[in-house]
Amino acid sequence: MSGLHEECGVFGIFAVEKTDVTGPMFYGLHALQHRGQEGCGMVVADDGVFHDYKDLGLLNEVFVPSVMAKLGQGNMGVGHVRYGTSVTNNRANCQPIVVRHSKGSLAMAYNGNVVNTEELREELEAKGAIFHTTSDTEVMSCIVAMERLHSASIEEAVCKAMYRIKGAYSTVLMSPTKLIALRDENGIRPLCYGQTPTGEYVVASETCALDAVGAKFIRDIEPGEIVVFSKDGIKSIREHCGKRPPSLCVFEYIYFARPDSVVDGCSVHEARVRAGAFLALKDNVEADVVIGVPDSGIDAAIGYARQSGIPYAIGLIKNKYIGRTFIAPEQKTRQDKVKLKLNAVSHVVSGKRVVLVDDSIVRGTTSAVIVKLLRDAGATEVHMRVSAPPFIGCCYYGTDIDNEECLIANRCSMEEMAQVVGVDSLGFLDLTDVGKLANTDKECQYCMGCFTKEYPAEIPADRNKIKYENKYEKKISEKESN
Ligand code: SF4
């Protein structure tokens, strides 16, 4: 219930013969809808000819049967679900982006954030490039297309482009004959591939999308790796592998990914249960019941309960029919909005000392409302435990933690935070335990930038303007008003 958002999920499919690639793409993207609900798109390649459709909205609102029928069959496809900023939430910025160049067409979709988009765009514009969107995917596509002019193959062009593109980018792209999956040198966002029982290869942000199309997981794409799917089979290009330490976003385990996914070899559910257990190991609170904030606080609450011996119960119910984009018909207070989404189970919490487990605290305002819900339902004490360390830094790699001042941990001491949220006690996951979420035996390397302000990859030169899209929109409106 952090209120943070991932920015996108990707899906790609390769078949040797023409078949229904649109149906599996729909189901795969549907499984990834939690990674982006504001827009979506698909491109289908039919014998080298691209058919594409994208729009704002959820997958089942955009890809109605008539649209699916128009996309038809093909032998490859790439698709995308998007979370965008409100400023740039328009159809043109939805992905995949299709560019046509003198050596063919290119369709690209990615998850992450390119931190040097501004420099790349200015360089390309100075050379005469004209952009139709404010999306950094278009800039990436343009870089690859330009490299393609001087390369023997699309994969060679992609490999050259990776020397120029900085940041986090788990990407699927498609030429008229090849599907290519690549991950930035740090592997900040997840990406994996598998094979369906009928032989098609599928690439996805998370394994839950492979499950949705009945595909067997083969492996994760490695940080820096380029994997090429073509009629000649599968080829791995490792020129960029091992150049940087692997640094998966640890928040994928804590919040972003679906609990039924396995990311870089670790079950997301297990990682969350472990986080809850770590919290309980260092705790000595006396309580009657452990409850989790749906959805991502549930697994950690189970872990806390198992470790502490305090019974777990379902103390908060989430209304499943309220999406992220739900707009109340009239002006509502924050409390009313949270109440639309969550309700306390008074039979579980009334008269009880409650341990409340959530995945994060950003500003503290939503947590305060949840705590009040519990107190109104009769909880006598509320002890909040958070399955992540406190946020102190921005995220530059594809999520919307983009303002340090708004983070409660930067404004308040632990006691002040407990007071703001209205709890009897407050505890966070130790930084030292974060490295053990995937594996208790050995520490793994992750990106923990928003908890430590130490970032594994480049960050934008102008830290205050991390969102090129926002800046570009501002530039356009300034130009128009002159
Ligand atoms: S800064 Fe935080 S949210 Fe962003 S990639 Fe790193 S761990 Fe994930």
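Source: prediction; values computed, not measured. Heads up: numbering here begins at 1 and tracks the sequence. In listed order, ligands and their atoms are each counted from 1.
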Quiz item: Is the distance from atom 6 (Fe) of ligand 1 to some N, O or S atom of Cys249 under 2.8 Å?
Solution: no
Exercise. Taking only heavy atoms of Cys450 into account, list the atoms of ligand 1 that are under 4.0 Å away from them.
Key: 1 (S), 2 (Fe), 3 (S), 7 (S)
Self-check item: Note: Arg363-Glu405 ion pair, threshold 4.0 Å (strictly below)
Solution: no
Exercise. Any atoms of ligand 1 less than 4.0 Å from a non-hydrogen atom of Arg189? List them with their elements.
Key: 5 (S)
Quiz item: Given the side-chain rings of Tyr193 and Phe229, with only the six-membered ring counted for Trp, is the space between their centroids under 6.0 Å?
Solution: yes
Quiz item: Please state which protein non-hydrogen atom is closest to atom 6 (Fe) of ligand 1 and give its distance, to 0.1 Å?
Solution: Cys447 SG, 2.3 Å
Exercise. Considering only NZ, NE, NH1 and NH2 on the basic side and carboxylate oxygens on the acidic side, decide whether Lys453 and Glu404 come within less than 4.0 Å.
Key: yes
Quiz item: Should the ring pair His240 and Tyr163 be called parallel, tilted or perpendicular, given that the plane angle runs from 0 to 90° and is split at 30 and 60?
Solution: tilted
Quiz item: Are Phe63 and Phe26 an aromatic pair by the rule of ring centers under 6.0 Å?
Solution: no
Quiz item: Counting backbone and side chain alike, does Cys395 bring an N/O/S atom below 2.8 Å of atom 2 (Fe) of ligand 1?
Solution: no
